[in-house]
Visitor: 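Please find one structure pasted underneath; my questions will follow.
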Amino acid sequence: DGGITQSPKYLFRKEGQNVTLSCEQNLNHDAMYWYRQDPGQGLRLIYYSQIVNDFQKGDIAEGYSVSREKKESFPLTVTSAQKNPTAFYLCASSIDPTGYGYTFGSGTRLTVV
Amino acid sequence: DAKTTQPPSMDCAEGRAANLPCNHSTISGNEYVYWYRQIHSQGPQYIIHGLKNNETNEMASLIITEDRKSSTLILPHATLRDTAVYYCIVSYSNSGYALNFGKGTSLLVTP
C-alpha cells in the first residue's frame, strides 16, 4: 500500500544532541512538508520541498535542517540550536504544492530531556 | 493566503448533522477553501475542497456563500468517530507554498 512512513513513533534525546527524524513516501509525490505541533495548537510549517534537491524555509525553520536528495525521502534534523524541540512532528506529501490531497504520516513525538 | 476564523470548539449529538463554520472574508478570487481533520495524535486527513460551487463527497458537503466570504462543512450524520479537530484553510491553487493550518475547531460528538 502507498503511504508515508515516519520513524520512530517516539523519540527521546538529551538536551544538546542533534536528532534526525525520518520521513519516507512511496506515493510518487513531488512535494513534501514538515510540520510541528505543540499541545492544543495547530500545525506550524518548518520546511517544505517541491522537488528533489530544492527546499524552502517555513514559518519556524530556525534550529532545523532538511535535505531532499531523493524523491521518496525528506529527513528532518532537529539541531541543538532549536530552543524548545519537544513536540509532535508531522511529515506530509502531496502530488503538487496546491494544497489538494495532502497525505500525512502518523507523526514522531520527540521528547528532549 | 487569506486568513480564516473558526470557532475553537463545538458539540454535536451522534446521528445529527454537524455544521462547522469558517469565515474567510479576505479570500481572493483564485483561492480555494480546503478542509482537513485531525483525530487525536494522528496526521490530518483531507476531507474536501472547493472554489465557488458547493461540493459533496462521501465524507462531507462544503457550502460556500455566494460572496465566498464564508463556508460551512457539513457532516450529515455525525458519529463518535468524527470527533476531531477540523481545519479550514484558504490557499491559492498554485501558490507553490504549503498549507497554513491554524488552530481549527475541536468537534466533540456525544452519544
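Chain letters run A, B, ... following the sequence lines, proteins first, then strands; residues in each count from 1.
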Visitor: So which part of A:Gln37 gets closer than 4.5 Å to some heavy atom of chain B, the side chain, the backbone, both or neither?
Guide: side chain

Visitor: Is the gap between the ring centers of B:Phe101 and B:Tyr36 under 6.0 Å?
Guide: yes

Visitor: Just so I understand: if I count every heavy-atom pair under 4.5 Å between each of B:Gly102, B:Ser41, B:Pro44, B:Gly104 and chain A, which residue has the most?
Guide: B:Pro44

Visitor: Check the surroundings of atom CD1 in B:Ile39: do more than 12 heavy atoms from other residues, nucleotides or ligands lie under 6.0 Å from it?
Guide: yes

Visitor: Quick check on the 6.0 Å ring-centre criterion: do B:Tyr86 and B:Tyr34 meet it?
Guide: no

Visitor: Can you see which heavy atom on A:Asn18 is nearest to which on A:Ser80, and at what distance?
Guide: OD1-N, 2.9 Å

Visitor: Against chain A, label B:Ser106 side chain, backbone, both or neither, depending on which of its atoms sit under 4.5 Å from a heavy atom there.
Guide: neither

Visitor: Counting only non-hydrogen atoms closer than 4.5 Å, does A:Arg109 touch chain B with its backbone (N, CA, C, O), its side chain (CB onward), both, or neither?
Guide: side chain

Visitor: A:Leu43 versus chain B, heavy atoms under 4.5 Å apart: side chain, backbone, both or neither?
Guide: both

Visitor: Within the supplied structure, the quantity of interest is the number of heavy atoms (other residues, nucleotides, ligands) at a distance under 6.0 Å from A:Gln17 CD; does it exceed 12?
Guide: yes

